[in-house]
Amino acid sequence: MHKTDQLLGWPRYFSVGSLRRSNSFIGIMPSQEDSIGISQKRSETAGRHPLNVKFVPIPETLAENGQFRQDFPSYTDGLVEASPGGYITTTQVFAENAENIYNLKPRADDVFVLTFPKSGTTWTQDLVWLLMNNCDFERSKIPLVIRSPFLEMNYYVPKALQEKYERDAIISKMRLPAFLVDLMYRFNIMDIVRPAVMKIMNLVVGEAVRDLHQLERMKSPRVFKTHLPLYLLHPELLDTSKVVYVARNPKDVIVSYFHFHKLMNQHKFTGDLESFADYFMKDRLYSSPYFPHLLDAWTKRHHPNLLFVFYEDLKRDLRGEIQKIGRFLGKYPNEHQLNRMVEHLRIDKFATNKSVNFEHYRWLNFMSPDGRFIRNGKTGDWKNHFSPELNARIDEWMKDNLKDTDLNFITELDQQD
């Protein structure tokens, strides 16, 4: 291992080769000041699409001694809600950048993997990336977040937590004394040295978090992941790019999202599954509400540029769904490539794949040392978690939200890949 690697605590899942390969299709992260300037210039550009949405703080999430703050101690700034639309996000940072995200210009060869969280996003994202890149399994060893960026990642962690993660990473990985780092923050020296620090951090973890300017500079074909509802994405998206929308039954989403909120430090949920399910059904979680997110895409499922995929179908017939998604994207892997994809994407194998398990989040202290990003992925796992009473309440909630639609869910499978 190179001395620089040792000095910076180079994560095991990165190699110099993988970063060199990644540099062939990503740019260099500009400084925070550059990013602000870019946003200001973009705001002044003619021909922009106005986003007629306001983001309003949710009062009950701001009460310091309230139940919500006890259950979500990391949410020091509470939640904000889009009006109209009802989309919930964890930070005003997103609200300040929502119109810029809305105006990210789509390309004809872009693919957006769009989901409500914990619906098979990462699984489908890697599947789509492989199809769009001629099943390049060697390059797929580069962390997925670098190959296929999370569109809103740079804008959903509150500033206070961003600074905390930055401080912890500098102390633990760059080996600077804590008192010296605290002095740098106290006297605003960090504002001066941050561009250099960010360059070093990007060297270590790759460009795991990119701003809109960097996304605009990416080479084609771009494969994006996003949890944003369609109405917060570019108004010409469906007429320009391909969208693969993945839906998963809400019972398994609740269980998976509960574990995710326990795992990720920016959420750090302290309550139990039953209280979490209540927050989920009351639309008081990041990326809520669940049903409007799905139903908006469901009503557009006949659009030629949108493919609506069920997670349960991927579990039931992975090979067939790879072929279906491939046809939608105009990609037709040969038999050898298809066999490799099926093997590569098997959930038991996928769960141990370091390039998709976001271990850099753990390295940056985004993620608890316990647990994994990819768990078991099983359909019907909710049966191992729900009490009869909770299951009955969720059944009623589902019935109320689906009564005027033709959308149905499979919540159990006799056999799954």
Side-chain angles (χ1 to χ4, degrees), residues 48-53 81-89 94 98-99 101-125 127-129 131-132 148 150-152 215 221-250 252-253 283 286-314 320-331 398-410:
R48 280 168 56 84
H49 298 276
L51 177 62
N52 297 314
V53 172
E81 181 174 13
S83 177
Y87 174 74
I88 305 291
T89 186
F94 176 83
E99 187 167 281
I101 295 170
Y102 184 69
N103 278 276
L104 178 69
K105 190 169 179 60
R107 302 175 191 165
D109 56 359
D110 283 345
V111 183
F112 285 72
V113 176
L114 175 58
T115 73
F116 188 88
K118 309 312 292 179
S119 298
T121 320
T122 305
W123 198 25
T124 311
Q125 191 183 0
L127 185 163
V128 168
W129 187 91
L131 287 171
M132 294 299 294
S148 173
F150 181 12
L151 178 62
E152 63 269 26
L215 299 182
R222 300 180 300 185
V223 177
F224 291 116
K225 154 191 168 177
T226 182
H227 296 311
L228 296 177
L230 280 167
Y231 74 89
L232 291 179
L233 297 171
H234 197 285
E236 297 169 6
L237 175 64
L238 279 182
D239 294 326
T240 307
S241 307
K242 298 284 190 180
V243 174
V244 178
Y245 190 96
V246 187
R248 186 182 190 185
N249 82 80
D252 283 324
V253 170
D283 303 331
Y286 162 67
S287 274
S288 294
Y290 170 85
F291 274 110
H293 197 294
L294 267 69
L295 291 171
D296 186 20
W298 180 248
T299 62
K300 297 176 173 65
R301 68 191 182 279
H302 300 303
H303 193 289
N305 279 346
L306 188 144
L307 180 66
F308 198 100
V309 176
F310 286 100
Y311 178 89
E312 292 75 22
D313 289 338
L314 285 161
E321 291 300 294
I322 292 172
Q323 291 175 309
K324 182 173 80 173
I325 295 171
R327 288 191 297 271
F328 172 70
L329 299 174
K331 304 294 179 181
M398 290 173 61
K399 181 180 176 182
D400 287 344
N401 281 278
L402 293 172
K403 63 185 177 184
D404 296 322
T405 80
D406 57 352
L407 175 62
N408 294 293
F409 292 105
I410 294 172

Problem set entry | Close side-chain approach of Ile101 to Thr226, heavy-atom, < 4.5 Å | no
For this session: Could I get the full list of ring-ring contact (aromatic ring centres under 6.0 Å, His included) partners for Phe328, not counting sequence neighbours?
Result: none
Seminar exercise, completed: Those residues at least two apart in sequence (or on a different chain) that pass side chain to side chain donor-acceptor pair (under 3.5 Å) with Asn249 are Asp252, Glu312
Exercise. Which pairs with one or both residues in residues 288-308 pass salt bridge (charged side-chain N to carboxylate O under 4.0 Å, His left out), sequence neighbours excluded?
Worked result: Asp296-Lys300, Arg301-Asp406
Seminar exercise, completed: Value for CG (Leu307) from CG (Leu114), rounded to nearest 0.5 Å, stands at 12.0 Å
Exercise. Any side-chain heavy atom of Leu402 within less than 4.5 Å of one from Phe291?
Worked result: yes
Seminar exercise, completed: Heavy-atom closest pair (Ser148 atom, Lys225 atom, distance to 0.1 Å) is OG-N, 4.2 Å
For this session: Please test Val246 against Thr121 for side chain to side chain contact (heavy atoms under 4.5 Å, CB included), starting from the C-alpha separation and ending with a verdict.
Result: CA-CA 7 Å; Val246 187; Thr121 320; over 6 Å; no
Seminar exercise, completed: Residues at least two apart in sequence or cross-chain that pass side chain to side chain donor-acceptor pair (under 3.5 Å) with Glu321, listed by chain then number, are Lys324
Problem set entry | Contacts of type side chain to side chain donor-acceptor pair (under 3.5 Å), residue His303, not counting sequence neighbours | Asp239
Problem set entry | Val128 vs Leu329 side-chain heavy atoms within contact, under 4.5 Å | yes
For this session: Any salt bridge (charged side-chain N to carboxylate O under 4.0 Å, His left out) involving residues 101-112? Give me the pairs, sequence neighbours left out, ordered by first then second residue.
Result: Asp110-Arg222
Exercise. Minimum heavy-atom separation for Asn401 to Leu295, with atom names?
Worked result: O-CD1, 4.1 Å
Exercise. Who are the salt bridge (charged side-chain N to carboxylate O under 4.0 Å, His left out) partners of Asp400, not counting sequence neighbours?
Worked result: none
For this session: Please report the shortest heavy-atom distance between Val253 and Pro117, naming the atom on each side.
Result: CG1-O, 3.7 Å
For this session: Could I get the full list of ring-ring contact (aromatic ring centres under 6.0 Å, His included) partners for Tyr290, not counting sequence neighbours?
Result: Phe116, Phe280
Exercise. So which heavy atom on Leu131 is nearest to which on Ile322, and how close?
Worked result: CD1-O, 4.0 Å
Problem set entry | With sequence neighbours excluded, residues passing salt bridge (charged side-chain N to carboxylate O under 4.0 Å, His left out) with Asp404 | none
Problem set entry | Note, Tyr87 side chain near Phe94 side chain (heavy atom, < 4.5 Å) | yes
Exercise. In chain order, what residues pass the ring-ring contact (aromatic ring centres under 6.0 Å, His included) check against Phe224, with sequence neighbours excluded?
Worked result: Phe112
Seminar exercise, completed: Value for CG (Asn52) from CD (Glu99), rounded to nearest 0.5 Å, stands at 8.0 Å
Exercise. Between CG of Asn305 and OG1 of Thr240, what distance do you get to the nearest 0.5 Å?
Worked result: 8.0 Å
Problem set entry | Listed partners of Tyr245 passing ring-ring contact (aromatic ring centres under 6.0 Å, His included), at least two apart | His293, Phe308
Exercise. Can you tell if the side chain of Pro235 reaches within under 4.5 Å of the side chain of Tyr102, non-hydrogen atoms only?
Worked result: yes
For this session: Supply the atom-to-atom distance Arg248 CZ to Leu314 CG, rounded to the nearest 0.5 angstrom.
Result: 11.0 Å
Exercise. So how far is it from Leu215 CG to Phe150 CZ, rounded to the nearest 0.5 Å?
Worked result: 11.5 Å
Problem set entry | Separation of Asn103 CG from Leu51 CG (nearest 0.5 Å) | 8.0 Å
For this session: State, to 0.1 Å, how close Ser119 and Tyr311 come at their nearest heavy-atom pair, and which atoms those are.
Result: O-CD1, 3.5 Å
Exercise. Between Leu233 and Leu151, is any pair of side-chain heavy atoms under 4.5 Å apart?
Worked result: yes
Exercise. Is the closest side-chain heavy-atom distance between Thr115 and Thr124 below 4.5 Å?
Worked result: no
Problem set entry | Those residues that, when tested against Glu152, pass salt bridge (charged side-chain N to carboxylate O under 4.0 Å, His left out) (two or more places apart) | none
Exercise. Which pair of non-hydrogen atoms, one from Ser241 and one from Pro106, has the smallest distance, and what is that distance?
Worked result: OG-CB, 3.2 Å
